[in-house]
Amino acid sequence: MFRRRWSGLPADPIFPANISELGYFINEDDEIRSLENADYYFHYFLTKNERYNDRRRFAYNEAIGNVIHSRLDAESLAPLRLPVGTKPIDPHVPIRISPDLPERSRVVLIVGEDNQQFGVLAHRVLGGKGGITKGSILNLVQALKKQPSSSTDPTPPGIVIANPSELWWWPEGKRGLTPVDRHYIPMTSAVHLGRAYDKARNGIPKNITTAEHVKCVFEEVVDKLVGKDAKLDIIAVGNSAEEVEKYLNDDEVWKKFGTMMGAMVVLGGFYHSDEFKCEGFKQFMQERARAYAIHHTPLDNPIAGSFGNPGALGFASFGCPAFSAGEANMTELMLIETHHSVLNWLENVALLGEAYRNEDIQIYGNDDGVIPEEVLQAWGEKDVEETEKHMKGTEKDMEETEAEIKKDELHALEDGNSGHDSTPKKEVAVSKESSPGSSQDSRVAAAEKEDEENVVLKVKDLKVTVEDGE
């Protein structure tokens, strides 16, 4: 009989959380490249063993996180543990805020995806073509620091970076992990299945879920640290955007924070406008919010108005004007692709202040093919010309199709027009073997007397079936 001791199981691999020790470096373009061959980015498939590759990727992600945190320190964004007042060794969620937040007249709250490492927008960009700054929150932070807070305040806005993803507390590591990274923490052996979630051990008070984290940020940061007269702009991505909308869609919450709200941008969220029950929030979304969605049209092309777009193939009921996210084909790339447009729009809203209102955009297709004036203004001349050309081509195709159908109908009737049976029939079959004067010919002749608008002919293999139109 064979038996295997626990000590005989393969040890879980350990890798250093350092970019250079992992065999990589950051080049002059801010991209992470291989030390062995600078033409290569991070290589996941180091071995054929998935556990070894995942453990190495875990260390790589931790090293990237250290770089992002060091750069956020350089941007003067201070760390803050939630719940506020939590000790470093106790379960907490780290976020970043401007140190002089109470003094800022405008504050921008950034809520990323609930499955991404803190500060990371997309690893495929951060660890590939584009580099660390472009693929992380650093790009937005640097751009926001160049904006004025309002027309009367030239100082840059304050920044709050939420952390809706690292909510799984790792006791040994004394830090929170994402839903993905938690599976790659060190195990007793390389073949252990993993660690089950224990709310008492792995949960973080007031931050068990993304919804709770959003509530905690508003109640412990926005309410207590942001000035009462300051304006709050929100940038929210993916599922986190839906949780932000759900939280604000409440009369009591809106009564508390509604007067602070300056503008809001939703990227990749799918919170249906039919769910809006708070009138104040509903009006805010119509007047001072916008959404971005994955769409085949160029960046910033309008795809839906505040009341949606009945002709849209995808989701369009955002409750606010919606625009194309350009070349982004997945949620994690949306803010990277649109960040210039998003920040420019937020700056425009801030400069106009209370006078700002969204344009009345209505996107739909009329039966007569006329494009509404608002759409003509929102679209560029090139887009209008292409749309009109497409519509004219469609009308021409329809006319040609109708002419061909009528031509086929006439030929079919002429082929069988030799009988005189006065009794109309609903179904007629004409075959090769039919001869003049037959009962089939008489039925065809009778059918010819029917009103053309109430007759539909189906011709297939020289058979004609006449059905009454409804």
Side-chain angles (χ1 to χ4, degrees), residues 1-27 30-70 91 94 112-132 134-136 163 165-199 201-204 238 329-333:
M1 180 177 179
F2 297 95
R3 74 185 179 95
R4 189 171 192 176
R5 297 179 181 273
W6 285 106
S7 59
L9 296 177
D12 209 18
I14 298 176
F15 296 92
N18 183 284
I19 290 180
S20 61
E21 292 183 27
L22 287 170
Y24 296 91
F25 74 102
I26 302 173
N27 68 8
D30 201 33
E31 295 181 346
I32 302 174
R33 299 293 184 113
S34 172
L35 285 170
E36 293 183 358
N37 190 332
D39 291 334
Y40 289 92
Y41 298 107
F42 175 77
H43 181 58
Y44 169 79
F45 296 100
L46 179 67
T47 71
K48 294 183 179 181
N49 187 300
E50 185 178 11
R51 179 62 183 174
Y52 275 68
N53 297 336
D54 287 338
R55 288 286 296 132
R56 180 168 171 267
R57 180 64 193 243
F58 179 83
Y60 174 77
N61 287 350
E62 185 178 356
I64 287 178
N66 294 336
V67 172
I68 293 175
H69 278 286
S70 65
E113 287 189 272
D114 60 0
N115 61 344
Q116 292 285 3
Q117 187 179 350
F118 177 73
V120 174
L121 297 180
H123 272 290
R124 70 184 69 241
V125 176
L126 187 150
K129 186 177 181 179
I132 297 175
K134 184 177 180 180
S136 70
N163 188 356
S165 57
E166 297 180 343
L167 308 181
W168 196 93
W169 181 252
W170 180 25
E172 295 83 358
K174 304 301 180 190
R175 64 187 179 97
L177 299 174
T178 68
V180 177
D181 283 344
R182 77 177 187 86
H183 295 289
Y184 309 137
I185 60 175
M187 296 293 175
T188 306
S189 76
V191 294
H192 273 66
L193 292 178
R195 186 182 299 178
Y197 175 79
D198 182 355
K199 186 176 180 179
R201 182 179 173 84
N202 306 119
I204 300 175
N329 58 359
M330 54 189 68
T331 304
E332 68 177 25
L333 297 177

**Student:** Looking at every heavy atom in both Ser189 and His192, which two are closest together, and how far apart are they?
**Tutor:**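 Minimum heavy-atom contact is OG-ND1, 2.6 Å.
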**Student:** Are a donor atom and an acceptor atom from the side chains of Tyr184 and Asn61 found within less than 3.5 Å of each other?
**Tutor:**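 Tyr184 vs Asn61: no donor-acceptor pair found between side chains.
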**Student:** To the nearest 0.5 Å, what is the distance between OG1 (Thr178) and CG (Asn115)?
**Tutor:**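 Here the interatomic distance stands at 7.5 Å.
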**Student:** Any heavy-atom pair between the side chains of Ile185 and Leu177 that's under 4.5 Å?
**Tutor:**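 Answer yes - side chains close enough.
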**Student:** Check this for me: Glu36, atom CD, are more than 12 non-hydrogen atoms of other residues, nucleotides or ligands nearer than 6.0 Å?
**Tutor:**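 No - once you tally the heavy atoms of other residues, nucleotides and ligands closer than 6.0 Å, there are 12 at most.
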**Student:** Rounded to the nearest 0.5 Å, what separation is found between the CZ atom of Arg33 and the CZ atom of Phe25?
**Tutor:** 7.5 Å
**Student:** Testing the 3.5 Å rule here: is there a donor-acceptor pair between the side chains of His123 and Glu332?
**Tutor:**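 No, because no side-chain N or O of His123 sits under 3.5 Å from a partner of the opposite role on Glu332.
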**Student:** Say whether Glu166 and Asn163, considering side chains only, have a donor N or O and an acceptor N or O under 3.5 Å apart.
**Tutor:** yes
**Student:** Is any side-chain heavy atom of Ile68 closer than 4.5 Å to one of Leu126?
**Tutor:** yes
**Student:** Listed by chain and number, what are the salt bridge (charged side-chain N to carboxylate O under 4.0 Å, His left out) partners of Arg175, not counting sequence neighbours?
**Tutor:**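 Applying salt bridge (charged side-chain N to carboxylate O under 4.0 Å, His left out) to Arg175 gives Glu62.
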**Student:** Sequence neighbours left out, what passes salt bridge (charged side-chain N to carboxylate O under 4.0 Å, His left out) with Asp181? Give chain and number order.
**Tutor:** none
**Student:** Which atom pair, heavy atoms only, marks the closest approach of Tyr41 to Glu31?
**Tutor:**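 Scanning both residues completely, I find the closest heavy atoms to be OH-OE1, 3.3 Å.
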**Student:** Return the minimal non-hydrogen interatomic distance between Ile32 and Tyr24, and the atom names on each side.
**Tutor:** CG2-CB, 3.8 Å
**Student:** Sequence neighbours excluded, which residues qualify as ring-ring contact (aromatic ring centres under 6.0 Å, His included) partners of His183?
**Tutor:**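 Scan of His183 (ring-ring contact (aromatic ring centres under 6.0 Å, His included), adjacent residues dropped) gives none.
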**Student:** So do Phe42 and Arg56 actually touch side chain to side chain, heavy atoms under 4.5 Å?
**Tutor:** yes
**Student:** Side chains of Ile64 and Ser136: closer than 4.5 Å at any heavy-atom pair?
**Tutor:** no
**Student:** Is there a side-chain contact between Arg124 and Lys129 in this structure, where contact means two heavy atoms from C-beta onward sitting under 4.5 Å apart?
**Tutor:**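 Sidechains of Lys129 and Arg124: no contact.
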**Student:** Where does the angle between the aromatic ring planes of Tyr197 and Trp168 fall among parallel (under 30°), tilted (30 to 60°) and perpendicular (over 60°)?
**Tutor:**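 Tyr197 and Trp168: tilted rings.
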**Student:** Restricting to ring-ring contact (aromatic ring centres under 6.0 Å, His included), what partner residues turn up for His43, sequence neighbours left out?
**Tutor:**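 Listed in chain order: nothing, the list is empty.
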**Student:** Phe58: which residues meet the ring-ring contact (aromatic ring centres under 6.0 Å, His included) condition with it, sequence neighbours left out?
**Tutor:** Trp170
**Student:** With rounding to the nearest 0.5 Å, note down the distance linking CG in Leu46 to CG in Leu22.
**Tutor:**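 Output value for this atom pair is 10.0 Å.
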**Student:** For residues Ala122 and Gln116, report the shortest heavy-atom separation together with the two atoms involved.
**Tutor:** CA-NE2, 4.3 Å
**Student:** With a cut-off of 3.5 Å and sequence neighbours excluded, list every side-chain donor-acceptor pair involving residues 9-21.
**Tutor:**
| residue | atom | partner | partner atom | Å |
| --- | --- | --- | --- | --- |
| Asp12 | OD1 | Arg51 | NE | 2.9 |
| Asp12 | OD2 | Arg51 | NH2 | 2.8 |
| Asp12 | OD2 | Met187 | N | 2.7 |
| Asn18 | OD1 | Ser20 | N | 3.0 |
| Asn18 | OD1 | Ser20 | OG | 2.5 |
| Asn18 | OD1 | Glu21 | N | 3.1 |

**Student:** Going through the checks in order, is the side chain to side chain contact (heavy atoms under 4.5 Å, CB included) test met by Val125 and Leu121?
**Tutor:** CA-CA 8 Å; Val125 176; Leu121 297 180; over 6 Å; no
**Student:** Quick one: does any side-chain atom of Asp30 pair with a main-chain N or O of Gly131 as donor and acceptor, under 3.5 Å?
**Tutor:** no
